[in-house]
Amino acid sequence: MISACVIGWPIAHSRSPLIHGYWLKQYAIDGSYTRRPVEPASLAAFIADLPQAGLAGCNVTLPHKEAVFGLVTRADESTERLGAVNTVFLRNGRTLGTNTDGEGFINSLRSSVPGFNIVNDRVVVLGAGGASLAVVNAVLEQGASEVVVANRTLEKAEQLRQRFGSKVLPLAWDKAGDQLTECSLLVNTTSLGMKGQPELAVDLSRLPVEAVVTDIVYTPLRTRFLSDAAARGNRAVDGLGMLLHQAVRGFSLWFGVTPQVTDELHDLVARDIDPDYKR
Ligand code: ATR
């Protein structure tokens, strides 16, 4: 029996067990994937004890991603650039850290948008928090020529430029709408539009109609931001795809099978978010 889990504080709302549980059943693997609440004070011991605890590894969610980066034995190059880990696995008794959020983001777009390609393109990212970090790293790795980062706290967008270099262009939050001309991908990484949060209000009138618009928020599945974009003719991709696609590599590392993100899995998680969900 192979065991993995997701750690966070709190962790009760994580949908990762639903995703990995579906795949374990689908591929008839003798394995388990559970939620484990780990408080910050216990984090270092939890990671150090992974090999003895009979775990193949774990996913890491808020607020532990940066701290776990400092606790694993080694991380790959892309994860070093990020300084945040969302997946831990064991090799030869050592704890290795990686981050699959960026590939989850890109693979979700690839699976929803035929021929998705942002080489030499301008991308506009709303927000400069933890989720933005992974998105900015991913779009630069995909060859974007510039990434405009609009954030309420400008200093945090400036820190992203320091981390990733001069292709990152920090922008004041209230100027976001002005910078949408020639943008081919617009991403919301803020918590605005999430259930219980204020709506995201950005003027989309300058956005080319060919641009792809995506939101990392997936509660609700279809945010106002996405429906506004779709209503004016933009292709709108919801945030659930990123959640599903980021889970693929962890499953493969722990359980040895590269799983498929199927429509059936998408609908299973979508109905968990919204019982009235219909494709
Ligand atoms: P995460 O790790 O999920 O990205 P975070 O690090 O708390 O979470 O980042 C939340 C993002 O939403 C930030 O970009 C935040 O802007 P600030 O850096 O100025 O805090 C943004 N955000 C949250 N509430 C906002 C609001 N009312 N208006 C504009 N931006 C907001």
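Numbering of ligands and ligand atoms starts at 1, following listing order.
Between Phe255 and Phe251, the angle of the ring planes lies from 30° to 60°, which puts this pair in the tilted group.
Around the CD atom of Glu155, the shell of radius 6.0 Å holds no more than 12 heavy atoms that belong to other residues, nucleotides or ligands.
Side-chain atoms of Arg222 do not come within 3.5 Å of backbone N or O of Asp238 as any donor-acceptor pair.
Evaluation of the side chain to side chain donor-acceptor pair (under 3.5 Å) test over residues 116-134, restricted to residues two or more places apart or in two chains, returns Asp121-Ser184, Arg122-Glu146, Arg122-Gln179.
A donor-acceptor contact under 3.5 angstrom links the side chains of Asn188 and Thr190, judged on distance only. Between Asp272 and Tyr277, the side chains place no donor N or O within less than 3.5 Å of an acceptor N or O (distance only, hydrogens not considered).
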When you pair each N or O of ligand 1 with protein N or O atoms, which pairs come out under 3.5 Å?
{"unit_1": "ligand 1", "atom_1": "2 (O)", "unit_2": "Gly130", "atom_2": "N", "d": "3.2"}
{"unit_1": "ligand 1", "atom_1": "4 (O)", "unit_2": "Gly130", "atom_2": "N", "d": "3.1"}
{"unit_1": "ligand 1", "atom_1": "4 (O)", "unit_2": "Ala131", "atom_2": "N", "d": "3.0"}
{"unit_1": "ligand 1", "atom_1": "6 (O)", "unit_2": "Gly130", "atom_2": "N", "d": "3.3"}
{"unit_1": "ligand 1", "atom_1": "14 (O)", "unit_2": "Ala128", "atom_2": "N", "d": "3.0"}
{"unit_1": "ligand 1", "atom_1": "14 (O)", "unit_2": "Asn151", "atom_2": "OD1", "d": "2.7"}
{"unit_1": "ligand 1", "atom_1": "16 (O)", "unit_2": "Asn151", "atom_2": "OD1", "d": "3.3"}
{"unit_1": "ligand 1", "atom_1": "18 (O)", "unit_2": "Asn151", "atom_2": "ND2", "d": "2.8"}
{"unit_1": "ligand 1", "atom_1": "18 (O)", "unit_2": "Lys156", "atom_2": "NZ", "d": "2.8"}
{"unit_1": "ligand 1", "atom_1": "19 (O)", "unit_2": "Arg152", "atom_2": "NE", "d": "3.0"}
{"unit_1": "ligand 1", "atom_1": "19 (O)", "unit_2": "Thr153", "atom_2": "N", "d": "3.0"}
{"unit_1": "ligand 1", "atom_1": "19 (O)", "unit_2": "Thr153", "atom_2": "OG1", "d": "2.5"}
{"unit_1": "ligand 1", "atom_1": "20 (O)", "unit_2": "Arg152", "atom_2": "NH2", "d": "2.8"}
{"unit_1": "ligand 1", "atom_1": "27 (N)", "unit_2": "Arg152", "atom_2": "NH1", "d": "3.3"}

